K.L.:
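One structure coming up, written as structure tokens, with questions to follow.
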Amino acid sequence: MNLSHHLMKNQRGCPDMNEVRVRIAPSPSGFLHVGIARTAIYNWLFARHHKGVFILRIEDTDPSRSSPEMVEAIIESLKWLGLDRDEGPYYQSQRKELHQKYAQKLLETKKAYFCFCTPQELEEKRKKAKASKADWKYDRTCLKLSDAEKEKKIRKGEPRAIRLLVPSGKTEFDDLVYKHLEKENEDIDDLIIVRSDGRPTYNFACVVDDVEMRISHIIRGNDHISNTFKQILIYKAFELTPPKFAHIPLILGKDKAKVSKRHGAISVMEYKEQGFLREAFLNFLALLGWSPKDNREILSTEKMIELFSLEGVNPANPIFDPEKLEWMNGEYIRASDNEKLCDLVIPFLIKENLITDKTAKQKRERLLKFVSLFKERCKTLKDFAEKGKYFFAFDYRYEPKAVSEHFNSAEDVQRLNTFVQRLDQLERFEKEKIEQALRNLTDEMKIKPAPLIHTVRLAATGTSSGPPLFDILELLGREEVVKRIKKAVEFIKTKFN
RNA sequence: GUCCCCAUCGUCUAGCCCGGCCUAGGACACCGCCCUUUCACGGCGGCAGCACCGGUUCAAAUCCGGUUGGGGACGCCA
């Protein structure tokens, strides 16, 4: 039996044993949700911190639950997150012969055995056990078969799976996050490693591939702890030293249940579409379970790479808090320079039909000002399109509450009309000049500037809040402002008639 | 049901391994005040937590045991 060179190399000790090689191994049965994304981030940070290798392996041994589209989606998500890989994607489904070769070896060394029980039979037994509240474990029916019986079944061509023979004793390991973990082997089932159709199962393929790919550290969700005991048993059956394990806490939803494909998970791309910045999202997810321990929260990707360590991972499961994500995103938006931010905002404006590709290029200067006016007020890129809509479209309704506060007298009509006249007289339509004009007017009228400011704001924007009024007016331009105020005058007139 | 894991403000966390510096620190959210034409940003302040019970010790958030609570795994899924 000639196993792969990697296995052999490993047995006598790899020369590059200290090289850090990590992987993420998603199954393409769903998109990349926050749980896997966070696992990917930790693996990636760990790899980059140790100048190691980050590998993508697609666990598609179950074709009924896999699709090329999902693989694409996963790769796209990793790309958005900026988690560049050094190797892969490898496809587990293409490595079947290798897995079988390894299984064969276990059969030869009697560390594994054929099982002729059908899935139906097993299901029956499981059901029965459950009904009587007993706990289920494979009863080793097929291990007890005599050689003659086995021969007979094989000759008859009965389908057979391969099970690992779990020895007696105890399985233990030192987890980089959870410290010492152990489990009695009698609590571990003789798991199937190769199905009756020849395809390997997850736990087996996973071990073989991790061995073959010389994975040094397996960083994955703590929902895999029970798998790890099984996998260590497989390593032992091959007389191999298992890699280091680091189980990271699971991200829980608001309801405290694990975020999974079946449970309220959404693709990370959804966050992109909601207007989250890649850096902010990465920062937030990295901090869900890990902390640099010095109260710092806003960390650049480089800084995270520098500071990341598995020892800094908190073993308790965190709850995903969208509000804090929004806050952090706002921090990143405010810290972004206008040019970069503008590029990021444009697609959102286009999507809302507020601008076109063409106008985005033509009116770049104006967009840059727009972005700088709104960046302090937006938590997501989408907010720019929502809060700043009136900059691009004059089809708004006046906020009802604001109307009762700021369009509340026939006097407003006269004030607005006079203000329009003053605007017409301005040589240059600049915010300082506009402000001066307004303040002069309110002085003459012996009223405070604030009420008129509010009225003009409502007329020009339809809302009672937003960036400083004179910046808005300047950016809107004289013609547009005059048009909007005149329209407001008509509106107020009908209200008081 | 069996097994595994976890447990500090509502949430994310620091402190825990190596007991005293903890009157438990930071952040989000929330509430006040200041700044201000509004909204935000920013600044200042406030609210709020060591799950519980025992033990060890001069001393426990920190060590030990139990209870309770929460999560996860128990597939010819991954």
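Everything numeric here is computed off the predicted structure, so don't read it as measured data. What's counted below: heavy atoms across the whole structure, side chains too, no hydrogens, waters or symmetry copies. To find a chain, count down the sequence lines: A is the first, B the second, and so on, and within it residues start at 1.
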K.L.:
For residues A:Q92 and A:D60, is any side-chain donor paired with an opposing acceptor at under 3.5 Å?
P.N.:
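No pair is found: no donor N or O on one side chain lies under 3.5 Å from an acceptor on the other.
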
K.L.:
Mind calculating the distance between CD1 (A:I192) and C1' (B:rC76) to the nearest angstrom?
P.N.:
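Taking CD1 of A:I192 and C1' of B:rC76, I get 4 Å after rounding.
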
K.L.:
Under 4.0 angstrom, heavy atoms only, what part of the nucleic acid is A:L250 near: base, sugar-phosphate, or nothing?
P.N.:
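If one applies the 4.0 Å heavy-atom cut-off, A:L250 turns out to touch the sugar-phosphate alone, with no base involved.
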
K.L.:
Under 4.0 Å, counting only non-hydrogen atoms across every strand here, what does A:P159 touch: a base, just sugar-phosphate, or nothing?
P.N.:
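Nothing: the residue A:P159, judged by heavy atoms under 4.0 Å, touches no strand.
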
K.L.:
Who are the ring pair (Phe, Tyr, Trp, His ring centres under 6.0 Å) partners of A:F281, not counting sequence neighbours?
P.N.:
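Result, ring pair (Phe, Tyr, Trp, His ring centres under 6.0 Å) vs A:F281: A:W80, A:Y271.
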
K.L.:
Would you mind pulling out the nucleotide paired to B:rU2, Watson-Crick or G-U wobble, both distances under 3.5 Å?
P.N.:
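Looking at the geometry, B:rU2 pairs with B:rA73.
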
K.L.:
Salt bridge or not for A:E184 and A:K137, using N-O below 4.0 Å?
P.N.:
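Looking at A:E184 and A:K137, the cut-off is not met.
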
K.L.:
What is the pairing partner of B:rC39, taking Watson-Crick or G-U wobble pairs with both distances under 3.5 Å in any strand?
P.N.:
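None - no nucleotide pairs with B:rC39, as no candidate has both distances under 3.5 Å.
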
K.L.:
Tell me, which pairs form a salt bridge (charged side-chain N to carboxylate O under 4.0 Å, His left out) where one or both residues lie in residues 367-376 of chain A, sequence neighbours left out?
P.N.:
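Qualifying pairs, neighbours excluded: none.
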
K.L.:
So, do A:L181 and A:F229 sit near enough that their side-chain heavy atoms are less than 4.5 Å apart?
P.N.:
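With C-beta onward as the side chain, the pair touches.
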
K.L.:
Within the structure shown, what part of the strands sits under 4.0 Å from A:R334 by heavy-atom distance: base, sugar-phosphate, or nothing?
P.N.:
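The residue A:R334 makes sugar-phosphate contact but no base contact.
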
K.L.:
When we call it a touch if two heavy atoms are under 4.0 Å apart, what does A:E331 touch: a base, just sugar-phosphate, or nothing?
P.N.:
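If one applies the 4.0 Å heavy-atom cut-off, A:E331 turns out to touch the sugar-phosphate alone, with no base involved.
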
K.L.:
Using a cut-off of 4.0 Å between protein heavy atoms and nucleotide atoms, how would you tag nucleotides 5-21 of chain B 5' to 3' with B, S and -?
P.N.:
SSS---SBSSS------

K.L.:
Find the distance A:D210:CG to B:rA78:P and express it as a whole number of Å.
P.N.:
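Interatomic distance, CG of A:D210 to P of B:rA78: 15 Å.
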
K.L.:
Check side chain to side chain contact (heavy atoms under 4.5 Å, CB included) between A:R478 and all other residues, then give those that pass, not counting sequence neighbours.
P.N.:
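Expected list: A:D424, A:L426, A:F429, A:V482.
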
K.L.:
Rounded to whole Å, how long is the line connecting atom CG of A:D135 with atom C1' of B:rU2?
P.N.:
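That distance rounds to 4 Å.
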
K.L.:
Rounded to whole angstrom units, what separation is found between the CG atom of A:L473 and the P atom of B:rU37?
P.N.:
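After rounding, the reported distance stands at 15 Å.
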
K.L.:
With P as the reference atom in both, quote the distance from B:rA48 to B:rU57 in angstrom, rounded to an integer.
P.N.:
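That atom pair is separated by 35 Å.
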
K.L.:
Taking atom types as modelled, find out whether A:T141 and A:D139 have a side-chain donor-acceptor pair closer than 3.5 angstrom.
P.N.:
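Short answer, yes.
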
K.L.:
Please state the P separation for the pair B:rA27 and B:rC6 - nearest whole angstrom.
P.N.:
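Comparing P positions in B:rA27 and B:rC6 gives a spacing of 29 Å.
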
K.L.:
Whole-Å distance between B:rA78 P and A:Y91 OH?
P.N.:
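Rounding to the nearest Å, OH of A:Y91 and P of B:rA78 are 17 Å apart.
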
K.L.:
Quick check: any donor-acceptor pair below 3.5 Å linking the side-chain of A:T201 to the base of B:rC76?
P.N.:
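Result: no qualifying N/O pair found.
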
K.L.:
Output the rounded distance in Å from CD1 (A:I193) to P (B:rA78).
P.N.:
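Rounded to whole Å, this separation is 13 Å.
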
K.L.:
Excluding sequence neighbours, so at least two apart, what forms salt bridge (charged side-chain N to carboxylate O under 4.0 Å, His left out) with A:E411?
P.N.:
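With sequence neighbours excluded, A:E411 shows a salt bridge (charged side-chain N to carboxylate O under 4.0 Å, His left out) to A:R415, given in chain and number order.
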
K.L.:
May I ask you to list the residues of residues 379-394 of chain A, by number, that have any heavy atom positioned under 4.0 Å from an atom of RNA chain B?
P.N.:
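Within residues 379-394 of chain A, the residues near RNA chain B are A:K379.
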
K.L.:
I'd like to know if A:E212 pairs up with A:R57 as an ion pair, taking the criterion as any Lys NZ or Arg NE/NH1/NH2 lying under 4.0 Å from an Asp or Glu carboxylate oxygen.
P.N.:
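No, this pair does not count.
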
K.L.:
If we take the P atom in both B:rG49 and B:rG66, what is their distance in whole Å?
P.N.:
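Straight-line distance between the two P atoms is 29 Å.
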
K.L.:
Got a sec? Which of residues 113-122 of chain A come in under 4.0 Å of RNA chain B, heavy atoms?
P.N.:
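Heavy-atom cutoff 4.0 Å gives A:C117, A:T118, A:P119, A:L122.
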
K.L.:
Say you pick atom P in B:rC28 and the same atom in B:rA73; how far apart are they, in whole Å?
P.N.:
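Between the two P atoms, the distance is 33 Å.
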
K.L.:
Students often get this wrong, so: under 4.0 angstrom with heavy atoms, is A:T61 touching a base, only sugar-phosphate, or nothing?
P.N.:
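It contacts sugar-phosphate atoms only.
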
K.L.:
Not counting sequence neighbours, which residues clear side chain to side chain contact (heavy atoms under 4.5 Å, CB included) with A:H224? List them please.
P.N.:
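By the side chain to side chain contact (heavy atoms under 4.5 Å, CB included) rule, A:H224 matches A:Y202, A:R220, A:N227, A:H247.
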
K.L.:
Residues in side chain to side chain contact (heavy atoms under 4.5 Å, CB included) with A:R199, at least two apart?
P.N.:
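Counting only residues at least two positions away or on another chain, A:R199 forms a side chain to side chain contact (heavy atoms under 4.5 Å, CB included) with A:D62, A:P63, A:K96, A:R195, A:D197.
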
K.L.:
Is A:D60 side chain donor-acceptor paired with the B:rA78 base, going by distance under 3.5 Å alone?
P.N.:
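Result: no qualifying N/O pair found.
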
K.L.:
Going by purine N1 to pyrimidine N3 plus the second Watson-Crick contact, or the G-U wobble pair, all under 3.5 Å, which nucleotide sits opposite B:rG32?
P.N.:
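Pairing partner: B:rC44.
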
K.L.:
Please report, rounded to the nearest Å, how far the P atom of B:rC4 is from the CD atom of A:E172.
P.N.:
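The answer, rounded to whole Å, is 13 Å.
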
K.L.:
Rounded to whole angstroms, how far apart are CD on A:E124 and P on B:rG75?
P.N.:
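Value for this atom pair: 15 Å.
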
K.L.:
Whom does B:rA59 pair with, Watson-Crick or G-U wobble, provided both distances fall under 3.5 Å?
P.N.:
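In the structure as shown, B:rA59 has no Watson-Crick or wobble partner.
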
K.L.:
With a non-hydrogen cut-off below 4.0 angstrom, is A:S465 in contact with a base, only sugar-phosphate, or nothing?
P.N.:
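If one applies the 4.0 Å heavy-atom cut-off, A:S465 turns out to touch a base.
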
K.L.:
On RNA chain B, nearest-nucleotide positions of A:W136 versus A:L325: which is more 5'?
P.N.:
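Result: A:L325.
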
K.L.:
Could you work out, with side chain to side chain contact (heavy atoms under 4.5 Å, CB included) as the rule, every residue matching A:F491, not counting sequence neighbours?
P.N.:
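Side chain to side chain contact (heavy atoms under 4.5 Å, CB included) list for A:F491, sorted by chain: A:Y398, A:V403, A:F407.
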
K.L.:
Could you give the side-chain donor-acceptor pairs of residues 381-391 of chain A under 3.5 Å, partners two or more places apart or in another chain?
P.N.:
| from | atom 1 | to | atom 2 | distance (Å) |
| --- | --- | --- | --- | --- |
| A:D383 | OD1 | A:T380 | OG1 | 3.4 |
| A:D383 | OD2 | A:K379 | N | 2.8 |
| A:D383 | OD2 | A:T380 | N | 3.2 |

K.L.:
Please output the side-chain donor-acceptor pairs of residues 431-438 of chain A that fall under 3.5 Å, not counting sequence neighbours, one pair per line with the distance.
P.N.:
| from | atom 1 | to | atom 2 | distance (Å) |
| --- | --- | --- | --- | --- |
| A:K431 | NZ | A:D471 | OD1 | 2.9 |
| A:E435 | OE2 | A:R439 | NE | 2.9 |
| A:E435 | OE2 | A:R439 | NH2 | 3.0 |
| A:Q436 | NE2 | A:N440 | OD1 | 3.2 |

K.L.:
Can you tell me, in whole Å, how much space there is between the C1' of B:rG15 and that of B:rU68?
P.N.:
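It works out to 25 Å between them.
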
K.L.:
On a whole-Å scale, what distance lies between the C1' atoms belonging to B:rA7 and B:rG43?
P.N.:
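It works out to 36 Å between them.
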
